[in-house]
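Read through the structure below, which is laid out as structure tokens, and then see the notes.
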Amino acid sequence: MKKEIFGLTPEELQQEFVAAGLKKFRASQVYQWLYKKCVFKFEEMHNLSKADITVLNEKFTVMPANINILTRWKSSDGLTEKLLLELQDGNSLETVLMHHDYGYSVCVSSQVGCAMACAFCASGLNGCVRNLTSAEIIMQVYLFNSMIAPQQVSRVVVMGSGEPMLNYDEVTGALKFLHREDTAFMSYRNMTVSTCGIIPGIERLAEENIPINLAVSLHAVKDDVRTQLMPVNKGFPFPSVIAAAEKYARASGRQVTYEYILIKDKNDSPEDAQLLSNYLKFKHASVNLIPANPVPEKGFERPPAKRIEGFLRILQKNKINATIRKEMGKDINAACGQLRAKFNDNK
Ligand code: SF4
């Protein structure tokens with residue numbers, strides 16, 4: 001069986017190449033092609049000898065060269081692109097590229113499916129199939145890098161399918177890899193991990209002092225409503241999640257972002273806004289309000305614009321740093337899990 005080399009460190013790559021009878025320096029050449037030039041086929045690496053290309057093709061594979069793109073969707077404004085990818089084991093995952101004023105960001109998935117079963121999310125419909133490897137997470141960024149070359153992705157948000165804190169080692173391994181000077185050289189400040197509130201993961205992140213941005217999906221501040229929207233609230237009640245996130249904010253010096261989907265008549269009242277303010281007052285925190293995409297089967301509707309603005313005003317009056325999220329890619333189902341769910345339905 002061929003050995004997968006995507007995501008190996010230079011030292012690991014060198015070991016593999018030497019064991020295959022190749023010269024040491026070939027490892028640094030191939031490493032450069034992969035992570036600086038985004039070339040994934042050995043035959044396109046022009047400084048390799050024909051004999052070495054033959055050996056490489058016999059013994060090794062490079063994940064991005066073998067990934068099947070099942071669907072490629074671009075939003076009508078051209079700013080958002082979503083890929084549905086078929087992994088080598090036949091599973092599929094979604095990944096999204098967004099073009100902002102400041103550059104490109106990618107929203108990566110961390111698991112195939114998700115076990116968290118949030119009521120508003122298609123990723124949790126069939127549970128978690130498996131964790132992604134760090135190479136599969138890095139690959140999502142590099143696929144887009146090869147498409148937009150010579151530009152490159154400058155930000156990563158781990159906010160696609162899956163709960164990253166339940167795949168902690170592979171997710172942080174991927175982020176550390178992308179931070180390396182000899183790969184994407186991406187600053188930790190440009191990386192965000194979004195959790196539904198897995199406290200041990202938040203605590204570990206604080207202990208390990210990896211200064212990335214933390215986002216917490218909060219979405220409700222009444223216990224029964226949050227449990228209904230996010231069953232994880234039963235195991236990790238949100239006041240304890242906020243306490244753990246605040247510890248992370250103090251330890252890292254990075255402000256925590258709380259995501260809050262506004263759903264009509266569920267969590268969008270002035271009382272909710274005041275409660276949210278009370279919980280976050282004096283915290284190193286900001287709030288990202290996300291007007292819900294209507295899901296008629298679940299009775300979810302978007303609140304009227306006036307109600308959304310009123311909610312925002314209450315937060316601001318309480319000196320909570322809050323914004324309403326700019327929507328991107330709505331016409332291509334860019335919300336997590338939607339495309340994969342559709343694909344699985346049609347299989
Ligand atoms: S919102 Fe996130 S944590 Fe919740 S089911 Fe979807 S992917 Fe999982």
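Atoms within a ligand are numbered from 1 in the order they appear, just like the ligands themselves. What's counted below: heavy atoms across the whole structure, side chains too, no hydrogens, waters or symmetry copies. The model shown is predicted, which means the values in this text are computed figures rather than measured ones.
Under 4.0 Å from ligand 1, heavy atoms of Cys118 appear from its side chain as well as its backbone.
Looking at Lys234 and Asp223, no side-chain N of the basic residue comes within less than 4.0 Å of a carboxylate O on the acidic one, giving no salt bridge. A salt bridge between Asp224 and Lys222 is absent, with no side-chain N of the basic residue lying under 4.0 Å from a carboxylate O of the acidic one.
Rounding to the nearest 0.5 Å places OH of Tyr142 at 7.5 Å from CZ of Phe40.
Within ligand 1, the atoms closer than 4.0 Å to a non-hydrogen atom of Gly162 are 7 (S), numbered from 1 in the order shown. Heavy-atom contacts of Met116 reach the following atoms of ligand 1: 3 (S), 8 (Fe) (cutoff under 4.0 Å).
Arg26 forms no cation-pi arrangement with Tyr31, by the criterion of a distance under 6.0 Å to the ring centre and an angle within 45° of the ring axis.
In summary, Cys114 places no N/O/S atom under 2.8 Å from atom 4 (Fe) of ligand 1, failing the contact criterion.
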